[in-house]
Amino acid sequence: VQLQASGGGLVQAGGSLRLSCAPSGRTFSSYAVGWFRQTPGKEREFVAGISRSAGSTYYADSVKGRFTISRDNAKNTVYLQMNSLKPEDTAVYYCAATPILTNDPLKYLYWGQGTLVTVSS
């Protein structure tokens, strides 16, 4: 499964962006999906995840109340709505797929190529 993440860009602090993640060549509905982010010199960090049916979501404490993960299985797409962005949210954001929702990046089988989010102060 190849994943395509999109929607990154440059935004001012306090602004919003919506990231999208879609697979190519396969349906998404049988996988939980997570968003991770990474900055140079740091480990990849879990941001948010959503179960296969969208019945469960899971957020890192640093983004709770600001980010919302959702999925539209009919459109085969997972979204990450990011509001009240802060400069410390600047990172490359990756989406990934796994059989069961988890915050452990080692449990994710498929990864997208990443999309850069830059938040200016």
Legend entry - Non-hydrogen side-chain atoms of Thr98 and Asp104 separated by less than 4.5 Å: no
Inset, instruction - Rounded to the nearest 0.5 Å, what's the gap from CZ on Arg71 to CD1 on Ile50? Could you check? - result: 6.0 Å
Inset, instruction - Group every Ile, Leu, Val, Met, Phe, Trp and Tyr by side-chain heavy-atom contacts under 4.5 Å, then state whether Phe46 and Met82 land in the same group. - result: no
Inset, instruction - Return the minimal non-hydrogen interatomic distance between Ser120 and Leu10, and the atom names on each side. - result: CB-CD1, 4.3 Å
Inset, instruction - Could you label the plane-to-plane angle of the Tyr93 and Phe67 rings as parallel, tilted or perpendicular, counting under 30° as parallel and over 60° as perpendicular? - result: tilted
Inset, instruction - Consider only side-chain N and O atoms of Thr77 and Asp72, and report whether a donor and an acceptor are under 3.5 Å apart. - result: no
Inset, instruction - Group every Ile, Leu, Val, Met, Phe, Trp and Tyr by side-chain heavy-atom contacts under 4.5 Å, then state whether Val47 and Phe28 land in the same group. - result: yes
Legend entry - For the student: nearest non-hydrogen atoms of Gly7 and Leu17, plus distance: O-CD2, 3.9 Å
Legend entry - Shortest non-hydrogen contact between Ser84 and Ser16, atoms and distance: N-OG, 4.4 Å
Inset, instruction - Report the C-alpha separation of Gln12 and Ser121 in whole Å, then their side-chain angles, then the decisive distance to 0.1 Å, and conclude whether the side-chain contact (heavy atoms from CB on, under 4.5 Å) test is met. - result: CA-CA 6 Å; Gln12 289 190 328; Ser121 57; over 6 Å; no
Legend entry - Closest heavy-atom pair and its distance - Gly15, Val11: CA-CG2, 3.8 Å
Inset, instruction - State the OG-CZ distance between Ser30 and Arg52, to the nearest 0.5 angstrom. - result: 7.5 Å
Legend entry - Linked, directly or transitively: Val92 and Tyr108 (ILVMFWY side chains, under 4.5 Å): yes
Inset, instruction - Take the angle between the ring planes of Phe36 and Trp111 and call it parallel below 30°, perpendicular above 60°, tilted in between. - result: tilted
Legend entry - Considering all heavy atoms, the nearest Val119-Thr90 contact: N-OG1, 2.9 Å
Inset, instruction - Tell me whether the guanidinium CZ or amine NZ of Arg37 lies under 6.0 angstrom from the six-membered ring centre of Tyr94 and within 45° of its axis. - result: no
Legend entry - Student check: side-chain heavy atoms of Ser62 and Glu45 closer than 4.5 Å: yes
Inset, instruction - Please round to the nearest 0.5 Å and tell me the distance separating atom CD of Gln81 and atom CD1 of Ile69. - result: 12.0 Å
Legend entry - Euclidean distance, Leu116 CG relative to Thr39 OG1, rounded to 0.5 Å: 11.0 Å
Legend entry - Tyr79 side chain to Arg18 side chain, donor-acceptor N/O pair below 3.5 angstrom: no
Legend entry - Distance, nearest 0.5 Å, that separates CD of Gln4 from OG1 of Thr115: 10.5 Å
Inset, instruction - Count the heavy atoms belonging to other residues, nucleotides or ligands that lie under 6.0 Å from CD of Gln2, then report whether that count exceeds 12. - result: no
Legend entry - Cluster overlap Tyr31 with Tyr58, hydrophobic side-chain contacts below 4.5 Å: no
Inset, instruction - Grab the two heavy atoms, one from Cys95 and one from Ala5, that are nearest each other, plus how far apart they are. - result: SG-CB, 4.0 Å
Legend entry - Spatial distance of atom OG (Ser51) from atom CG (Leu101) [nearest 0.5 Å]: 6.5 Å
Inset, instruction - In plain terms, say whether Lys86 and Asp89 are close enough for a salt bridge, that is, a side-chain N and a carboxylate O under 4.0 Å apart. - result: no
Inset, instruction - Using the rule that two of Ile, Leu, Val, Met, Phe, Trp, Tyr join whenever any of their side-chain heavy atoms come within less than 4.5 Å, decide whether Leu109 and Ile100 are in one cluster. - result: no
